[in-house]
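Sequential numbering from 1 along the given sequence is applied to the chain's residues.
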Amino acid sequence: MNKLKLLLLIFLCIGCSGTNNQIFIEEFNWSFTLPQNFEDVPNETRNNSQKRGVKLIESAYPDKKVTIVAENLFHFRNGKYNTLQAQYSVLDSTQIFIEEFNKANEIVINSFKNKRPDTKITTETGTKIIDELEFQVFTLKTKNESDDNFTFTVYSRMFDNKHLEIITVSNDEGKSDAIKNCILNSEFK
């Protein structure tokens, strides 16, 4: 009987250790629990994804040269279209932050419409409180008859002169909810 209890205890301990996906980002004193089955995106994949994003924007704005100045903090995924990433850049003021946030949203909308002119999209802009801090939030959702629908969301906030962006993409409602809960239950201490 004691061996059975010991085996059960070992099994429970091993099972619990795999579920602790605590992430801490020192730059913002930020911690959160990564949803299950998310894995780190390799640097090469990150770089290729960033290049595709730059090409997408430059195709919508052919007279502009896109330069990425944000520093990557992390990039996780669960499947091809379920991602959670964060980056930051340094800005001069809060006023510039709001202008940059609105400009970035406009660029995303125009770039997407340019790439997929027949896709119906809805957008929403607002705020969310995360650990008593107000974040600007932008969401773009696609609506196709095919299964090629996804939701793109950016949570954005200034910390002193650092502009933090938490970017999510999802094409699976369950995974999208897990990502959203992960962000909304974050702690900034």
Side-chain angles (χ1 to χ4, degrees), residues 13-54 57 66-105 107-108 125-140 150-172 174-189:
C13 288
I14 291 172
C16 291
S17 68
T19 61
N20 187 7
N21 295 324
Q22 278 299 118
I23 306 294
F24 179 72
I25 307 299
E26 188 173 349
E27 189 77 31
F28 295 95
N29 211 17
W30 172 29
S31 62
F32 63 92
T33 303
L34 187 66
Q36 286 186 328
N37 301 318
F38 274 72
E39 60 186 28
D40 190 40
V41 175
N43 283 336
E44 184 178 344
T45 304
R46 288 180 195 178
N47 293 338
N48 289 338
S49 177
Q50 191 174 60
K51 287 176 187 175
R52 285 192 303 274
V54 167
I57 294 168
V66 176
T67 304
I68 305 294
V69 295
E71 292 288 326
N72 184 60
L73 293 169
F74 61 78
H75 191 163
F76 298 105
R77 71 177 173 198
N78 180 334
K80 187 173 181 181
Y81 293 113
N82 300 289
T83 65
L84 168 62
Q85 68 185 74
Q87 61 189 25
Y88 77 94
S89 54
V90 176
L91 296 180
D92 295 333
S93 73
T94 302
Q95 181 66 30
I96 291 175
F97 160 69
I98 296 297
E99 291 173 19
E100 291 293 322
F101 178 76
N102 291 329
K103 187 188 311 181
N105 298 342
I107 289 169
V108 168
T125 305
T127 60
K128 284 282 184 200
I129 303 298
I130 302 172
D131 197 27
E132 300 181 8
L133 300 173
E134 184 177 77
F135 281 75
Q136 299 295 315
V137 181
F138 169 74
T139 301
L140 179 144
F150 67 90
T151 301
F152 170 87
T153 304
V154 178
Y155 299 82
S156 193
R157 173 180 172 75
M158 289 296 292
F159 289 84
D160 296 323
N161 67 339
K162 293 179 183 165
H163 172 206
L164 173 65
E165 290 183 303
I166 307 167
I167 304 165
T168 73
V169 179
S170 186
N171 70 344
D172 177 291
K175 292 176 185 175
S176 179
D177 288 344
I179 295 169
K180 182 178 178 180
N181 289 334
C182 158
I183 295 167
L184 295 179
N185 293 314
S186 291
E187 293 182 358
F188 293 87
K189 300 294 177 199

Participant: Please give me the minimum heavy-atom distance between I183 and I130, naming the atom from each residue.
Facilitator: O-CG2, 3.3 Å
Participant: Not counting sequence neighbours, which residues clear ring pair (Phe, Tyr, Trp, His ring centres under 6.0 Å) with F138? List them please.
Facilitator: none
Participant: Does the salt bridge (charged side-chain N to carboxylate O under 4.0 Å, His left out) test come out yes or no for R157 and E134, once each step is laid out?
Facilitator: CA-CA 7 Å; R157 173 180 172 75; E134 184 177 77; over 6 Å; no
Participant: A side-chain contact here means heavy atoms from C-beta on lying under 4.5 Å apart; do V108 and F152 qualify?
Facilitator: yes
Participant: Answer yes or no: is there a side-chain heavy-atom contact under 4.5 Å between F135 and I129?
Facilitator: no
Participant: Measure the spacing between CG of D131 and CZ of F32 and express it to the nearest 0.5 Å.
Facilitator: 13.5 Å
Participant: Can you tell me how far apart OG1 (T83) and CD1 (I179) are? Round to the nearest 0.5 Å.
Facilitator: 6.5 Å
Participant: Quick one, F150 and D172 - any side-chain contact, counting heavy atoms below 4.5 Å?
Facilitator: no
Participant: Of all residues at least two apart in sequence or in a different chain, which pass the side-chain hydrogen bond (donor to acceptor under 3.5 Å, both in side chains) check with T151?
Facilitator: none
Participant: Going by heavy atoms in the side chains, are F101 and T125 under 4.5 Å from each other?
Facilitator: yes
Participant: Is a donor from one side chain sitting under 3.5 angstrom from an acceptor on the other, for Q136 and S156?
Facilitator: no
Participant: Closest heavy-atom contact between A178 and P35?
Facilitator: O-CG, 3.6 Å
Participant: Check each of E165, H163, E71 against Q87 using the side chain to side chain donor-acceptor pair (under 3.5 Å) test, and report the only one that passes.
Facilitator: E165
Participant: Starting from the C-alpha separation in whole Å, work towards a yes-or-no answer on side chain to side chain contact (heavy atoms under 4.5 Å, CB included) for R77 and T45.
Facilitator: CA-CA 11 Å; R77 71 177 173 198; T45 304; 3.6 Å; yes
Participant: Is the Y88 to F159 ring centre distance short of 6.0 Å?
Facilitator: no
Participant: Out of curiosity, N47 CG to R52 CZ, how far, rounded to the nearest 0.5 Å?
Facilitator: 10.5 Å
Participant: Under the rule for side chain to side chain contact (heavy atoms under 4.5 Å, CB included), what residues qualify as partners of V137, not counting sequence neighbours?
Facilitator: K128, T139, T153, Y155
Participant: Answer with yes or no whether the side chains of N82 and S170 bring together a donor and an acceptor at under 3.5 Å.
Facilitator: yes
Participant: Could you go through the side chain to side chain contact (heavy atoms under 4.5 Å, CB included) check for I166 and L73 one step at a time?
Facilitator: CA-CA 10 Å; I166 307 167; L73 293 169; over 6 Å; no
Participant: Suppose we call two aromatic rings close when their centres sit under 6.0 Å apart. Are F74 and F76 close by that rule?
Facilitator: yes
Participant: At their closest point, which heavy atom of L34 faces which heavy atom of I23, and how far apart are they?
Facilitator: CB-CG1, 4.1 Å
Participant: Identify, with sequence neighbours excluded, every residue that meets side-chain hydrogen bond (donor to acceptor under 3.5 Å, both in side chains) alongside T168.
Facilitator: none
Participant: Between CG of N185 and NZ of K180, what distance do you get to the nearest 0.5 Å?
Facilitator: 11.0 Å
Participant: Taking the side chain from D160 and the backbone from K162, do they hold a donor-acceptor pair closer than 3.5 Å?
Facilitator: no
Participant: How long is the straight-line distance from OG1 of T33 back to CG of N181, given to the nearest 0.5 Å?
Facilitator: 11.0 Å
Participant: Not counting sequence neighbours, which residues clear side-chain hydrogen bond (donor to acceptor under 3.5 Å, both in side chains) with D40? List them please.
Facilitator: R46
Participant: To the nearest 0.5 Å, how far apart are CD in Q50 and CG in N43?
Facilitator: 11.0 Å
Participant: So, using side-chain hydrogen bond (donor to acceptor under 3.5 Å, both in side chains) as the criterion, who are the partners of Q85 when residues are at least two apart?
Facilitator: H75
Participant: According to the interplanar angle, ranging from 0 to 90°, do the rings of F188 and W30 count as parallel (below 30°), tilted (30 to 60°) or perpendicular (above 60°)?
Facilitator: parallel
